[in-house]
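Residue numbers start from 1 in every chain, and the chains themselves are labelled A, B, ... in the order their sequence lines are given, proteins ahead of strands. Only heavy atoms go into these numbers, but all of them, side chains included; no hydrogens, no water, no symmetry mates.
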Protein chains: 2
Amino acid sequence: MRILLIEDERELAEALSAALGKHGIVTDHTMHLADAVELTRQNLYDAILLDRRLPDGEGLSFIPQLRRTGKDTPIIVLTALNEPKERVQGLDLGSDDYLGKPFLVEELMARLRAVLRRPPNLAELKITAGRMVIDPLHLSVTVDDAPLDLPRRELLVLAALAKRKEKTVLRATLEAAVYNYEEEIQSNALDAHISRLRRRLAEAGAEVSIHNIRGVGYLLKEE
Amino acid sequence: MRILLIEDERELAEALSAALGKHGIVTDHTMHLADAVELTRQNLYDAILLDRRLPDGEGLSFIPQLRRTGKDTPIIVLTALNEPKERVQGLDLGSDDYLGKPFLVEELMARLRAVLRRPPNLAELKITAGRMVIDPLHLSVTVDDAPLDLPRRELLVLAALAKRKEKTVLRATLEAAVYNYEEEIQSNALDAHISRLRRRLAEAGAEVSIHNIRGVGYLLKEE
DNA sequence: AGCTCCGCAATGCTGCCGCAACCCTTGTGG
DNA sequence: CCACAAGGGTTGCGGCAGCATTGCGGAGCT
């Protein structure tokens, strides 16, 4: 899972990134609305966390901007402006939830889950493929109910493939599922993950196979 | 076990928190109904203790509010309003118990246990793993019927792991099981608990093992 | 006063993962 | 049928982040 955090307090942003990371969430961070517009062009994010007071304007103005482009990515507004009137204002503009600062990370996680549980994201809850069941929220994989320990990055790759099983997933999509913009990679790290994943899945008898589509991407097939 | 205390007398709240803490209960405290609604969204609590006279309204009004969201978290009303008529009122609104102030902490504990013993919490009653049996209500662990004394925090960690045995438990989840949000920790306290738990469990011959999933969390396995 | 609990921090260790070297596969043109 | 190139697969290596362990000291309890 990957989210965009639009927030101008650097410390809060870093703490949040770290905390969300513990839940297996990849976070991109920007302080400016203008950047946010660019970043959301490619439908990369499962959700957006939005501050209201930002250096280049009122955060809320971002919501209609995004909706106008036809995207219904869930938005959760994070703000110190937490009067009832302000909450209504935020929700009416099309955000999906509104959370007053300060808040508990646990609460944010719960709201994220709630917001993602709504259709059409419902499919994300559990993914099955072959003998595997993947729970992306709890970061767990089981084969025939036996837990399978996977390193974090391999797990993210697997989840991205399984979410679109039997369909080709672009290389770029996979890379986006595993890395945020600050951790650019320059080698065949992704290929290496795939290679190790294949071995582990075979050993565990998962009955799935990962195929390469030359020059395009990868594809996970049930056997 | 973790509960939410909704109570406006700070002194009483602190005393209760401390007393419950000795029984291994992690307590979050709020003085406002509005906060309580937010906090309960995450289904984090095993029970709720509710005062009636609160600065922002009658505590009882919280009960239907919570039930409407589909939660059946047990609620125990704590109040000085202890006339028979008032008791009936509280129970009819959907609380699970009604306790007049002043009361003994021991009585509260007994009522908590009673309320948690009812279905659908029944599954929580005893957890077995390896040769261990854990009773989260009485905070006891036995190995082959021999009692095993564990420090409070280690016990909370163990219970959280055992409740989801054979499944990975996120670091963040474990931290939430042991600490309330006023006691943030900054070091590897959790790791230390795990380390000491491992030694104690091995010495006691519990036949369980705690595995680390790097970058994700921990997992308790039977051997 | 003596005990345990427990957060903290220093230390050493493990294994993830990016990297790059090398090999294999596939496709194209002659 | 072969030569060549380009993309993919595999694997060992090394850096380093995350984990395990443990001693210390403060706090709380008896």
Side-chain angles (χ1 to χ4, degrees), chain A residues 14 17-19 21-24 26 139 141 148-158 161 168-172 174-175 177-203 209-220, chain B residues 14-15 17-24 26 105 139 141 148-158 161 168-172 174-175 177-180 182-203 209-220:
Chain A
E14 277 168 13
S17 278
K22 288 186 191 167
H23 290 270
V26 179
L139 289 183
V141 182
L148 174 60
D149 293 356
L150 288 182
R152 200 171 51 94
R153 300 234 124 129
E154 289 176 29
L155 203 146
L156 290 170
V157 172
L158 178 61
L161 283 169
T168 314
V169 185
L170 296 183
R171 260 192 109 79
L174 287 175
E175 281 171 9
V178 180
Y179 303 98
N180 71 27
Y181 287 117
E182 277 152 29
E183 22 185 29
E184 290 294 322
I185 52 167
Q186 299 163 9
S187 74
N188 61 346
L190 180 61
D191 305 56
H193 287 311
I194 295 273
S195 171
R196 286 164 185 147
L197 245 186
R198 286 206 255 240
R199 176 153 34 86
R200 286 194 159 103
L201 292 178
E203 277 169 11
S209 56
I210 300 176
H211 298 264
N212 171 268
I213 315 296
R214 198 157 248 259
V216 182
Y218 291 88
L219 175 152
L220 183 140
Chain B
E14 278 168 13
S17 277
L20 293 173
K22 285 183 198 155
H23 289 271
V26 179
V105 173
L139 279 186
V141 183
L148 174 61
D149 278 0
L150 288 181
R152 195 171 55 92
R153 301 232 122 130
E154 290 176 30
L155 204 143
L156 290 170
V157 173
L158 178 62
L161 284 170
T168 51
V169 184
L170 297 183
R171 262 192 107 79
L174 288 175
E175 282 170 11
V178 180
Y179 302 97
N180 71 27
E182 276 158 23
E183 25 183 29
E184 290 294 321
I185 51 168
Q186 299 163 8
S187 75
N188 60 347
L190 180 61
D191 306 55
H193 289 310
I194 295 273
S195 173
R196 287 167 184 142
L197 244 185
R198 285 206 256 241
R199 178 152 35 86
R200 286 193 159 101
L201 292 177
E203 277 168 9
S209 56
I210 300 176
H211 297 264
N212 170 268
I213 315 296
R214 197 161 255 252
V216 181
Y218 290 89
L219 176 153
L220 183 138

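For the atom pair CD1 (A:Ile194) and CZ (A:Arg199), the distance works out to 13.5 Å, reported to the nearest 0.5 Å. Residue B:Leu158 holds its CG atom at 5.5 Å from CG of B:Leu201, rounded to the nearest 0.5 Å.
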Review point. Is there a side chain to side chain contact (heavy atoms under 4.5 Å, CB included) between A:Tyr218 and A:Asp191 once you walk through the steps?
Key: CA-CA 10 Å; A:Tyr218 291 88; A:Asp191 305 56; 3.5 Å; yes
Exercise for review: Carefully, step by step, assess B:Leu190 and B:Glu175 under the rule side chain to side chain contact (heavy atoms under 4.5 Å, CB included).
Suggested key: CA-CA 7 Å; B:Leu190 180 61; B:Glu175 282 170 11; 4.0 Å; yes
Check your understanding: Please walk me through it: do B:Arg196 and B:Glu154 pass salt bridge (Lys or Arg N to Asp or Glu O under 4.0 Å)?
Key -> CA-CA 8 Å; B:Arg196 287 167 184 142; B:Glu154 290 176 30; 5.3 Å; no
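One can place CG of B:Asp191 at 13 Å from C1' of D:dA17, the figure rounded to the nearest angstrom. Computed from coordinates, the A:Leu174 CG to C:dG18 P distance equals 14 Å when rounded to whole Å. Between the CZ atom of A:Arg200 and the P atom of C:dC17 there is a distance of 9 Å, given to the nearest Å. Put simply, CD1 on B:Ile194 is 11 Å from C1' on D:dC19, counting in whole angstrom units. Between B:Leu170 atom CG and D:dG18 atom C1' there is a gap of 16 Å when expressed in whole angstrom units. One atom, CG of A:Leu190, and another, P of C:dC16, lie 18 Å apart when rounded to the nearest Å. Rounding to whole angstrom units, CG of residue B:Leu150 and C1' of C:dT4 are separated by 13 Å. Rounded to whole Å, the distance from CG on B:Leu201 to P on D:dT21 is 12 Å.
In this structure, B:Asn212 reaches the sugar-phosphate backbone alone: every heavy-atom distance under 4.0 Å involves primed, P, OP1 or OP2 atoms, never a base. At the heavy-atom level, A:Arg214 lies under 4.0 Å from base atoms of the strands shown. Counting any heavy atom pair closer than 4.0 Å across all strands shown, B:Arg196 reaches a base atom.
Comparing A:Arg199 and A:Val216 along DNA chain D, the residue whose closest nucleotide (by nearest heavy atom) sits nearer the 5' end is A:Val216. Nearest-nucleotide mapping onto DNA chain C: of A:Glu154 and B:Ala192, the residue sitting toward the 5' end is B:Ala192.
Side-chain contact between A:Val26 and A:Val178 is absent, with no heavy-atom pair separated by less than 4.5 Å.
Neither OP1 nor OP2 of C:dC16 sits under 4.0 Å from any side-chain N or O of A:His193. The phosphate of D:dG28 (OP1 or OP2) has no side-chain N or O of B:Lys22 nearer than 4.0 angstrom. Taking only side-chain nitrogens and oxygens, B:Arg171 never comes nearer than 4.0 Å to OP1 or OP2 of D:dG18. Put simply, B:Ser195 has a side-chain N or O that comes within less than 4.0 Å of OP1 or OP2 on D:dT21. Of the side-chain N and O atoms in A:Arg198, one or more sit less than 4.0 angstrom from OP1 or OP2 of D:dT10. Using a 4.0 Å cut-off, some side-chain N or O of B:Tyr179 falls inside it from OP1 or OP2 of C:dG7.
If you check distances only, the side chain of B:Asn188 does reach the base of D:dT21 with a donor-acceptor pair under 3.5 Å.
For B:Arg152, whose side chain is taken as the heavy atoms from C-beta onward, the closest listed nucleotide among C:dG7, C:dC6, D:dT11 is C:dC6.
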